[in-house]
Asks: 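Encoded as structure tokens, here's the structure I'll be asking about.
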Amino acid sequence: MKQSLLFVPTLKEAPKDADVKSHRLMSRAGIIKQVAAGIYTYLPLGYRVIRKIEEIIREELDKIGASELLMPALQPKDLWNESGRWDKYGPELMRLTDRKDRDFCLGPTHEEVITQVVRDYVTSYKKLPLALFQIQTKFRDEMRPRFGLMRGREFIMKDAYTFSETPEDLDRWYKLFTKAYIDIFNRCGLDTKIVSSDVGQIGGDEADEFMVMSEVGEDTITYCDKCSYAANQEHSLLNTGGKCPVCDGTINTAKGIEVGNIFKLGTKYSDSMHGTFAGRDNKPQPMIMGCYGLGISRTLMASVEQHSTENGIVWPKEIAPFKVHIIPVNKKDENQLNLAYEIYNTLKSNGVEVLIDDRDERVGSKFKDADLIGIPFRVVVGKDASELKVEFSNRLKDEKELVLASEILALI
RNA sequence: CGGGAAGUAGCUUAGCUUGGUAGAGCGCUGCGUUUGGGACGCAGAGGUCGCAGGUUCAAAUCCUGUCUUCCCGACCA
């Protein structure tokens with residue numbers, strides 16, 4: 001892609017409303033633009049990262065046998081009355097009426113819709129188990145949206161639901177999703193801790209959260225300094241210096257961003273919404289459900305929070321909007337420009353996502369922008385172009401070397 | 001929803017105390033000079049001073065109301 005054609009509106013100064021690092025950087029780097037409190041536009045660069053995260057999720061969920069569907073954001077009140085949540089959910093539920101004055105809400109989550117879908121089609125144990133997921137924009141009228149993409153009123157989420165015949169099968173799915181989540185977050189370059197949590201609004205029997213350790217996190221995690229014990233503080237009620245409930249270690253606390261949560265729902269929704277199937281004895285029994293959320297826009301935010309300095313982002317390889325950034329120093333120097341395009345074409349024809357800064361900017365501005373937008377590999381084509389040499393840097397390792405243009409493909 | 005802060009050009013902001021022609025930096029347009037870390041000169045464009053009412057000869061400035069945004073808290077994934 002030519003940078004002159006890519007819409008990357010970078011800013012020298014961050015908008016004053018951006019307070020946390022990731023918000024400042026994403027605003028300055030042309031990743032997102034705020035539209036209202038907790039509502040954002042994903043600009044081309046940001047949307048590329050979103051799609052990378054989504055693809056990783058699709059690959060990993062495909063591996064465990066979950067299939068993707070897409071449910072409506074707009075949902076009728078009737079369905080929410082079935083589960084009883086129309087009245088229980090409170091003002092966080094975005095409610096609206098259509099022209100006939102019928103009540104609807106914008107889905108904050110999709111247990112009701114998915115239960116309706118599955119109960120109407122799956123009527124026998126022979127059709128179980130089933131794992132379905134979607135990637136969709138969710139709506140929650142937060143009392144206080146904050147920290148950029150951290151807590152939005154509109155956000156992108158992957159939500160999955162499993163339907164099992166037995167508790168043992170639910171346990172199996174729960175483990176499969178746990179493993180898939182670990183792989184997804186690893187591939188997104190995020191270091192996560194799995195902590196046990198309260199079941200909250202969604203309800204159910206058991207729940208775990210995937211936390212990215214960060215000072216701007218809203219949750220407090222208690223964890224043991226010796227063993228692998230970790231829990232959300234609201235759940236564990238432990239404090240720093242306390243004794244580990246599992247071993248003889250000591251409890252520490254740290255802030256975390258919740259990027260994923262998984263719940264064993266049990267029969268909460270299949271009971272209230274008649275999600276039953278004919279069992280092996282031909283008697284109706286409720287489907288045993290699990291639900292598995294993963295905040296995609298929040299994962300983007302957490303990743304920037306973790307992989308950046310005040311000067312810019314350094315994307316983890318797998319979610320970087322591009323892999324290589326080529327910067328011709330002086331466009332008027334034919335040697336440089338030709339070599340830059342030669343490298344560009346070679347990389348492109350080898351399937352490498354590459355961005356070339358072909359803009360009529362001074363090189364200083366190009367470097368500053370490149371630092372900001374954080375593409376992991378950088379190729380600077382400058383004064384050594386006549387000898388076919390360029391400066392190659394791996395920004396993840398912060399090293400620079402002069403290499404032959406022909407070597408680049410092997411270095412990335 | 002309680003407490004605090006802030007709304008002036010695309011972004012950052014000065015001016016407000018003490019009412020009297022709305023200023024700067026960045027960005028943008030044109031011309032020239034520059035060209036390995038956000039260049040320089042000259043000439044320009046761009047503003048319902050959040051909105052509504054009030055006081056006044058006169059309001060960005062004073063008063064009232066309202067909307068929006070951010071931060072802390074409570075709540076929530």
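A note on names: the letters A, B, ... follow the listed sequences, proteins ahead of strands, and every chain is numbered from 1.
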Asks: Rounded to whole angstroms, how far apart are CZ on A/Phe7 and P on B/rG27?
Replies: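 In whole Å, B/rG27 P and A/Phe7 CZ are 17 Å from each other.
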
Asks: What nucleic acid atoms does A/Phe210 come within less than 4.0 Å of, heavy atoms only: base, sugar-phosphate, or nothing?
Replies: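 If one applies the 4.0 Å heavy-atom cut-off, A/Phe210 turns out to touch nothing in the nucleic acid.
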
Asks: How far, in whole Å, is B/rG27 from B/rC72 if one measures between their P atoms?
Replies: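 B/rC72 and B/rG27 have their P atoms separated by 32 Å.
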
Asks: So, is the end of the A/Lys138 side chain (NZ or CZ) under 6.0 Å from the ring centre of A/Phe155 and within 45° of the ring's axis?
Replies: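 Cation-pi check for A/Lys138 and A/Phe155: fails.
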
Asks: Under 4.0 Å, counting only non-hydrogen atoms across every strand here, what does A/Lys332 touch: a base, just sugar-phosphate, or nothing?
Replies: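 If one applies the 4.0 Å heavy-atom cut-off, A/Lys332 turns out to touch a base.
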
Asks: Do the side chains of A/Asp333 and A/Lys383 get close enough for a salt bridge, i.e. N-O under 4.0 angstrom?
Replies: no

Asks: Could you write out RNA chain B as dot-bracket? Rules: Watson-Crick or G-U wobble, both distances under 3.5 Å, brackets [ ] for crossings, | for pairs with another strand, dot for unpaired.
Replies: ((((((((.[[[[.)....(..]]]].((((((.....)))))).....[[[[[..)....]]]]])))))))....

Asks: Examine distances only and state if a side-chain atom of A/Asn232 and a backbone atom of A/Ile221 form a donor-acceptor pair shorter than 3.5 Å.
Replies: no

Asks: Give the B/S/- string for nucleotides 47-52 of chain B, one per nucleotide from 5' to 3', where a protein heavy atom under 4.0 Å of the base yields B, of only the sugar-phosphate yields S, and otherwise -.
Replies: ------

Asks: May I ask you to say what A/Val363 touches in the nucleic acid, namely base, sugar-phosphate or nothing, with a heavy-atom cut-off under 4.0 Å?
Replies: sugar-phosphate

Asks: Per the side-chain hydrogen bond (donor to acceptor under 3.5 Å, both in side chains) rule, which among A/Arg28, A/Lys21, A/Arg24 passes with A/Glu310?
Replies: A/Arg24

Asks: In this structure, how many angstroms lie between the P atom of B/rU69 and the CZ atom of A/Phe147, rounded?
Replies: 17 Å

Asks: When we call it a touch if two heavy atoms are under 4.0 Å apart, what does A/Gln34 touch: a base, just sugar-phosphate, or nothing?
Replies: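 Answer is sugar-phosphate: A/Gln34 comes under 4.0 Å of backbone atoms only.
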
Asks: B/rA77, B/rC1, B/rC11: which one has an atom nearest the side-chain heavy atoms of A/Leu11?
Replies: B/rC11

Asks: Would you indicate whether the side-chain heavy atoms of A/Phe163 and A/Val122 approach each other to under 4.5 Å?
Replies: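 A side-chain contact is absent here, since even the closest heavy-atom pair is not under 4.5 Å.
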
Asks: Write down the distance between CD (A/Glu142) and C1' (B/rG73), rounded to a whole number of angstrom.
Replies: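 Atom CD in A/Glu142 sits about 15 Å away from atom C1' in B/rG73.
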
Asks: Roughly how far apart, to the nearest Å, are B/rA14 and B/rA24 at atom P?
Replies: 15 Å

Asks: Between the side chains of A/Gln306 and A/Asp191, does any donor sit under 3.5 Å from an acceptor?
Replies: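 Looking only at side-chain atoms, A/Asp191 and A/Gln306 do not form any donor-acceptor pair under 3.5 Å.
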
Asks: Could you give the CG-to-P distance, from A/Leu337 to B/rU35, as a whole number of Å?
Replies: 18 Å

Asks: If only atom types and distance count, is the side chain of A/Ser303 paired as donor or acceptor with the main-chain N or O of A/Thr299 below 3.5 Å?
Replies: no

Asks: Need one value for A/Glu13: base, sugar-phosphate or nothing, where a base atom within 4.0 Å counts as base even if backbone is also close, heavy atoms only.
Replies: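 Result for A/Glu13 = base.
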
Asks: May I ask you to say what A/Ala18 touches in the nucleic acid, namely base, sugar-phosphate or nothing, with a heavy-atom cut-off under 4.0 Å?
Replies: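 Here A/Ala18 touches no strand at all.
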
Asks: Would you classify A/Asp369 as touching base, sugar-phosphate or nothing, given that sugar-phosphate means primed atoms plus P, OP1 and OP2, and contacts are heavy atoms under 4.0 Å?
Replies: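 Answer is base: heavy atoms of A/Asp369 come under 4.0 Å of a base.
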
Asks: Under the rule for ring pair (Phe, Tyr, Trp, His ring centres under 6.0 Å), what residues qualify as partners of A/Tyr40, not counting sequence neighbours?
Replies: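 Partners of A/Tyr40 under the ring pair (Phe, Tyr, Trp, His ring centres under 6.0 Å) test: A/His23.
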
Asks: Between A/Lys2 and A/Asp358, is the closest basic N to carboxylate O distance under 4.0 Å?
Replies: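 Here A/Asp358 does not pair with A/Lys2 in a salt bridge, since their nearest N and O are not under 4.0 Å apart.
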
Asks: If I pick the P atom on B/rG50 and the same atom on B/rG10, what distance separates them, to the nearest angstrom?
Replies: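 Those two atoms are separated by 13 Å.
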
Asks: Is any NZ, NE, NH1 or NH2 atom of the basic residue among A/Arg378 and A/Glu391 found under 4.0 Å from an Asp or Glu carboxylate oxygen of the other?
Replies: no

Asks: Measure from the side chain of A/Arg362, starting at C-beta and using heavy atoms only, and say which of B/rA77, B/rU34, B/rC72 lies closest.
Replies: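 The answer is B/rU34, which lies nearest to the side chain.
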
Asks: Can you see whether A/Thr253 engages A/Thr220 through a side-chain donor-acceptor pair at a distance of less than 3.5 angstrom?
Replies: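 Short answer, no.
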
Asks: Can you check the A/Lys389 NZ to B/rG36 C1' distance for me, whole Å?
Replies: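 Checked: the NZ to C1' distance equals 18 Å.
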
Asks: Just verifying a value: how many Å separate A/Leu96 CG and A/Phe139 CZ, rounded to the nearest 0.5 Å?
Replies: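 Taking CG in A/Leu96 and CZ in A/Phe139, the distance rounds to 10.0 Å.
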
Asks: If you check every side-chain atom of A/Arg153, which of B/rC71, B/rA77, B/rU69 has the closest atom?
Replies: B/rU69

Asks: Taking the P atom in each of B/rU17 and B/rA59, what is the distance between them to the nearest angstrom?
Replies: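 Comparing P positions in B/rU17 and B/rA59 gives a spacing of 14 Å.
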
Asks: In whole angstroms, how far is the P atom of B/rU69 from the NE2 atom of A/His23?
Replies: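 Atom-to-atom, A/His23 to B/rU69, this comes out as 12 Å.
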
Asks: Can you check the distance between B/rG41 and B/rG53, where both ends of the measurement are the P atom (answer in whole Å)?
Replies: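 To the nearest whole Å, 44 Å.
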
Asks: Decide yes or no, distance alone: a donor-acceptor N/O pair under 3.5 angstrom between the base of B/rG36 and the side-chain of A/Glu391.
Replies: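 Indeed there is one.
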
Asks: Among B/rG38, B/rC72, B/rG36, which is the nearest nucleotide to the side chain of A/Arg146?
Replies: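 The answer is B/rC72.
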
Asks: Taking only the side-chain heavy atoms of A/Arg144 (C-beta and beyond), determine which of B/rA74, B/rC70, B/rC76 contains the nearest atom.
Replies: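 From the listed options, B/rA74 comes nearest.
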
Asks: Given B/rU12, B/rU35, B/rC70, which nucleotide is nearest the side-chain atoms of A/Pro15?
Replies: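 Of B/rU12, B/rU35, B/rC70, B/rU12 is nearest to the side chain of A/Pro15.
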
Asks: Roughly how many Å is it from CZ in A/Arg151 to P in B/rU69, rounded to a whole number?
Replies: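 These atoms are roughly 17 Å apart.
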
Asks: Tell me which nucleotide among B/rG38, B/rG36, B/rU13 gets nearest to the side chain of A/Lys16.
Replies: B/rU13

Asks: Heavy atoms only, 4.0 Å cut-off, all strands: where does A/Lys383 land among base, sugar-phosphate and nothing?
Replies: base

Asks: Please state whether the phosphate of B/rA77, meaning OP1 or OP2, lies under 4.0 angstrom from any side-chain nitrogen or oxygen of A/Lys138.
Replies: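 No, outside the criterion.
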
Asks: Return the value, rounded to whole Å, for the distance between atom CZ of A/Arg28 and atom P of B/rG10.
Replies: 20 Å

Asks: Taking B/rU66 as the reference, what is the distance to B/rG19 when you measure between their P atoms (whole Å, please)?
Replies: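 Going atom to atom, P in each nucleotide, I get 27 Å.
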
Asks: Which of these nucleotides, B/rC70, B/rG36, B/rC72, is closest to any side-chain atom of A/Phe367?
Replies: B/rG36

Asks: May A/Phe263 be described as stacking on the base of B/rA77, applying a 5.5 Å centroid limit and a 30° limit on plane angle?
Replies: no

Asks: Considering heavy-atom distances to RNA chain B, does A/Gly382 or A/Met143 have its closest nucleotide positioned more toward the 5' end?
Replies: A/Gly382

Asks: Starting from the 5' end of RNA chain B, give me the residue, A/Gln336 or A/Phe155, whose nearest nucleotide shows up first.
Replies: A/Gln336

Asks: Looking at B/rC1, B/rG38, B/rC71, which one has an atom nearest to any side-chain atom of A/Asp19?
Replies: B/rC71

Asks: I'd like the C1' distance from B/rC49 over to B/rU13, given in whole Å.
Replies: 13 Å

Asks: Look at all strands and tell whether A/Gly293 reaches a base, only sugar-phosphate, or nothing, counting heavy atoms closer than 4.0 Å.
Replies: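 Since no nucleic acid heavy atom lies under 4.0 Å of A/Gly293, the category is nothing.
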
Asks: Is it true that a side-chain atom of A/Lys158 and a backbone atom of A/Tyr292 form a donor plus acceptor pair closer than 3.5 Å?
Replies: yes

Asks: Among the candidates B/rG36, B/rC11, B/rA77, find the nucleotide nearest to the side-chain atoms of A/Glu258.
Replies: B/rA77

Asks: Assign A/Gly152 to base, sugar-phosphate, or nothing according to its heavy-atom contacts below 4.0 angstrom with the strands shown.
Replies: base

Asks: Is any side-chain N or O of A/Lys12 under 3.5 Å from a base N or O of B/rU12, one able to act as donor and the other as acceptor?
Replies: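 Looking at the base of B/rU12, it does not pair with any donor or acceptor on the side chain of A/Lys12 (distance under 3.5 Å).
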
